[in-house]
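Keep in mind the model is a prediction, meaning the values are calculated, not measured. The figures that follow rest on heavy atoms only: side chains count, while hydrogens, waters and symmetry mates do not. Just so we're on the same page: letters track the sequence lines, and every chain starts at 1.
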Amino acid sequence: MDKTYNPASIEPHWYATWERNGHFRPAGEGDPYCIMIPPPNVTGTLHMGHAFQDTLMDILARYHRMRGDNTLWQPGTDHAGIATQMVVERQLNAEGTDRHALGRAAFVEKIWEWKAQSGGTIQNQMRRLGTSVDWSRERFTMDEGLSAAVREVFVRLHDEGLIYRGQRLVNWDPVLQTAVSDLEVESSEEQGSIWKLRYPLADGDGHLVVATTRPETMLGDTAVAVNPEDERYRHLVGRHVKLPLVGREIPIVADEYVDPAFGTGCLKITPAHDFNDYEVGQRHGCTPINIFTEEARVNDNAPAAYQGLDRYEARERIVADFEAAGLLEGIEPHKLMVPRCDRTGVVVEPYLTHQWFVDLTREVQEDGRPGGWAEITRPAIQAVRQGDIRFVPDNWTKTYYNWLEDIQDWCISRQLWWGHRIPAWYDGQGGVYVGHDEADVRRRNGLDETTALTQDEDVLDTWFSSALWPFSTLGWPEETPELATFYPTSVLVTGFDIIFFWVARMIMMGLKFRGDVPFREVYIHGLVRDSEGAKMSKSKGNVLDPIDIVDGIDLESLVAKRTTGLMQPQRAPAIEKQTRRAFPEGIAAHGTDALRFTFASLATTGRDVVFDMGRVDGYRNFCNKLWNAARYVLMNTEGEDCGSGDGGIELGTAERWIISRLQRTERAVAEAIEGYRMDQAAQAIYEFTWDEYCDWYLELSKPTLQGDADPARARGTRQTLVRVLEALLRLAHPIMPFITEEIWQRVAPLAGVDGDTVMTRPFPVAEAGREDPAAEAEIEWMQRFILGIRRIRGEMDIAPGKPLPVLLQNAADLDRQRLQRHRAELDFLARLESVTVLEAGEEAPESALALVDELEVRVPMAGLIDKAAELARLDKERRRLADDLARTEGKLANEAFVSRAPADVVQRERDKLAEGRSALERIDGQMARIERL
RNA sequence: GGGUGGUUAGCUCAGUUGGGAGAGCGUCGCCCUUACAAGGCGAAUGUCGGGGGUUCGAACCCCUCACCACCCACCA
């Protein structure tokens, strides 16, 4: 093995080997285990969130594969309608053209080209991260099979009346010029104004004052509403106002919706451009008047003076005209929630259009008659309530219920060009026909060639196809063996941000079309944030490419990467400055295993993770530690008899101890992974490897192997070194696949283990019978002995290499036996020159003291002793003991504690009291002796 | 307006039936002791957000307040 750990030289090689040998394909004889990858945007790149998520899934996949489960991790990508179309449109803009100039067919062709060109990025990133997905089954949401599934679902839902087309008020993005669903709208508080406008009464004098945050919509007003209980206005209900600038007379109506305490208590009603007004308008028989074009410019329904103005230009003009007419009562600053499209950031306009919807509110009874329970959402709620699906952590169930219980119909049509074309055809006479294709439509409806049919121009919401992912990727609507084997899948690993977009919809569709849940568990993880806790985003310039942490990147390249291709190029200087501050040296290469270990250690209980490069440094060091430990083991075992010969072996206390500790670790790791606590799994592995195997066991093995120890003991030691390491490598493999494989290849033969790769070896299973409390107690005694000496060295400034004579006072029989058994290890680890056991009554010379329970370990300090330093040291120890003792005495003096606390707790305190008193007594004695010097 | 999560060492975070406050990084000493200086050995560091309650005993359970973050919601 190389002297230094160099991840770049091992990682790509092993991934290629695994893939070439087909180790990612389902193969186990055991239960099926399946994870569907949340498909990333096909033309995107993986960010830290993906890397985190992929690591979690890969740990699960590798763990289950090693447990013998028939494991499928299904990969694939999503066509991501809006996002992808926008990327390509930006490219066209840069070339000085646009999609309209190109035409639909050519534009879609352009996107396919872009996909082909950029599509490999994600796969390459995933390979570098070690993700053990079955590439042979890779799917894309727009490939033929998945598109067939989409059409099948659409047709069937439509046949059942669960998909309908209707004219509704929807969220409209005037830049993209498409409808978006409720979920794609993000509202945030912004500073605006409230304008108070006077509407003169149509008959007679006087006026009403309406308050509005959107004065321009008054062009489409169809009524003014007041609260029926409002004494101020009650007498006006039924009369009319004359809409200024427009001249239309509109009624004053009474509606409970109006809050008399807000604004002026008079509400202008614009049914075509406000969701609330739409409903109020409906109640009062108002016909909505649409005043905007698809670009949100004022249309022909408004007076000529305003036609063609953008909605914000129109606002200014209208306010000015009100003012000029003396009809502007006032303007007040006002904070309001502004709805914006999550993709473009454009303010969404409520807009009346024809769209396709999935009916999520229809209710049926058991016998199929109308009324009763919500046909689509109730089973989805029940599945979770009954435990058919379990959320981890559980608190997300509440979020899930709340959303489903108050859901609106899902607008699934988009006025885009990139996506699944809606399988509906029009005959131009008002006839709408749905089918798998035009021929199917003609067949189903008896339409011959004399009827011209044109297909709907719109495409489906991307999430429509994503909702089918758990079964469409397995071949549905065909009844494939894979579908039978792997559906329902085992677990969905995803972020909370897409519970509504994706998780809930998969559950609804899975139940509807497979009659069973799409997955048994949903493991919700947190968001990866930057070191300052901010969300990572390209526009903020704080994104990290996980591969840059793996391979490292110099500062200039990082700056360049973060400042090119920005939606807002003006942010580049700020991003550059921030990047130079955060990474003055660029980013060092850490390797994939260190990055993965970091992700695992950050995966606590679903809360967001603040990404700290210091952690990666630490875990890179951990990889290095493991590497060097392996080098030590190989140096001492290669070419040696590791117990496979005829000589037989003997295991010492240290061997029985480390084997015992390994069992506990194995159990802890398995439990942690099963419970989705990757942080605990990582920590257990870390502590066992560093604090026990390296710090103690490797050191304990040295005297045994170096001296003229018993050959059987040496063989036992070598065997234990190799076997424990081999098990440790299997234990750590799901988290750190590369380094474990590299080392395992060298270690496995020495441990007598066959196999091509660690990834198909069984995951270690703890054997309770190999736990050894006696050995653990004995090694703990030794550790306390050694630590006592080391502390004296450290605090007395004695060189670590200087051999020390040691005196033992008050040694019990067990202490004497242990001393005899472990003399060589103690000499080596504590650097002892000699050990003298003092008999009762024998006086110790001036010395520094360490306590191992009743045993007093003394280092004679003749001439060397620094009286003040030793007194200070002892005093510190004394204070600690005295504080402890006082607390214990206080508890035991409390009658209520003694009588009410459980007996074992009380007994523990009593033991502590005795030990504490004894220790304190001896410290006091020691201090008195030192004082006398 | 509803809801969720958080507040523990300088930083990032663990702390699972309430019973001696922990890790990593950072900091401070001493060491190039042939597995590892990406290391070894030793050390320091916390009114567990504030207040109240339950309990023999609270970081943990209950109430309340403060602050932070996020989600949902139609107040013009």
Side-chain angles (χ1 to χ4, degrees), chain A residues 1 3-5 187 194-195 210-214 225 257-259 261-270 274-280 334 336-337 350 393 395-396 398-399 402-403 406 496-497 499-500 526-527 529 531 533 535 588 590 594 598 601-602 604-636 675 677 679-680 683 686-687 691 694-695 698-699 702 787 790-795 797-801 828 831 884 887-888 891 894-902 904-906 908-909 912:
Chain A
M1 279 173 75
K3 191 166 171 33
T4 51
Y5 165 61
S187 294
I194 282 193
W195 285 269
V210 298
T212 179
T213 55
R214 297 203 57 197
Y257 171 73
V258 181
D259 176 0
F262 191 92
T264 60
C266 296
L267 180 60
K268 63 192 267 313
I269 301 299
T270 320
D274 185 285
F275 289 97
N276 295 313
D277 291 7
Y278 184 81
E279 291 190 2
V280 175
H334 180 71
L336 72 161
M337 296 297 280
N395 53 295
W396 292 107
K398 196 166 177 179
T399 308
N402 288 346
W403 186 67
D406 190 29
F496 58 83
D497 50 332
I499 289 179
F500 305 145
L527 240 54
R529 298 170 172 275
S531 58
K535 212 183 247 182
H590 293 83
T598 307
S601 72
L602 290 173
T604 57
T605 48
R607 39 188 291 193
D608 287 356
V609 300
V610 175
F611 192 80
D612 175 15
M613 203 63 75
R615 295 284 290 257
V616 199
D617 291 340
Y619 295 125
R620 192 251 338 256
N621 295 352
F622 175 65
C623 291
N624 189 51
K625 188 76 180 174
L626 179 60
W627 183 264
N628 282 295
R631 284 182 56 229
Y632 169 82
V633 172
L634 291 172
M635 271 178 202
N636 284 285
R677 286 301 301 268
D679 61 319
Q680 292 175 344
Q683 196 182 349
Y686 186 98
E687 286 174 354
D691 302 342
C694 289
D695 283 354
L698 295 195
E699 295 305 317
K702 287 174 183 175
L787 289 170
R790 283 177 181 167
R791 187 173 299 147
I792 290 171
R793 268 186 206 277
E795 289 170 6
D797 265 348
I798 302 168
F828 180 80
R831 306 261 159 186
D884 247 25
R887 207 171 8 202
T888 305
K891 274 191 183 178
N894 182 348
E895 180 51 38
F897 172 74
V898 178
S899 60
R900 297 205 185 192
D904 59 316
V905 172
V906 176
R908 210 154 54 226
E909 290 297 322
K912 235 167 72 181

Is the phosphate of [N], meaning OP1 or OP2, less than 4.0 Å from a side-chain N or O of [X]?
X	N	result
N621(A)	G39(B)	yes
K3(A)	C36(B)	yes
R214(A)	A76(B)	no
K702(A)	U33(B)	no
K398(A)	G3(B)	no

Sugar-phosphate only, base, or nothing, as touched by T399(A) at under 4.0 Å among non-hydrogen atoms: nothing
Sugar-phosphate, base or nothing in reach of V905(A), heavy atoms under 4.0 Å: base
Rounded C1' spacing from A9(B) to A14(B) in Å: 13 Å
Side chains of R677(A) and T604(A), donor plus acceptor under 3.5 Å: no
Paired and unpaired positions of RNA chain B as dot-bracket, Watson-Crick or G-U wobble under 3.5 Å, | denoting a partner strand: (((((((..((((.....[..)))).(((((.......))))).....(((((..]....))))))))))))....
R615(A), nearest nucleotide to its side chain (from A76(B), U12(B), A35(B)): U12(B)
D612(A) side chain, from C-beta outward: closest of G24(B), A35(B), A14(B): G24(B)
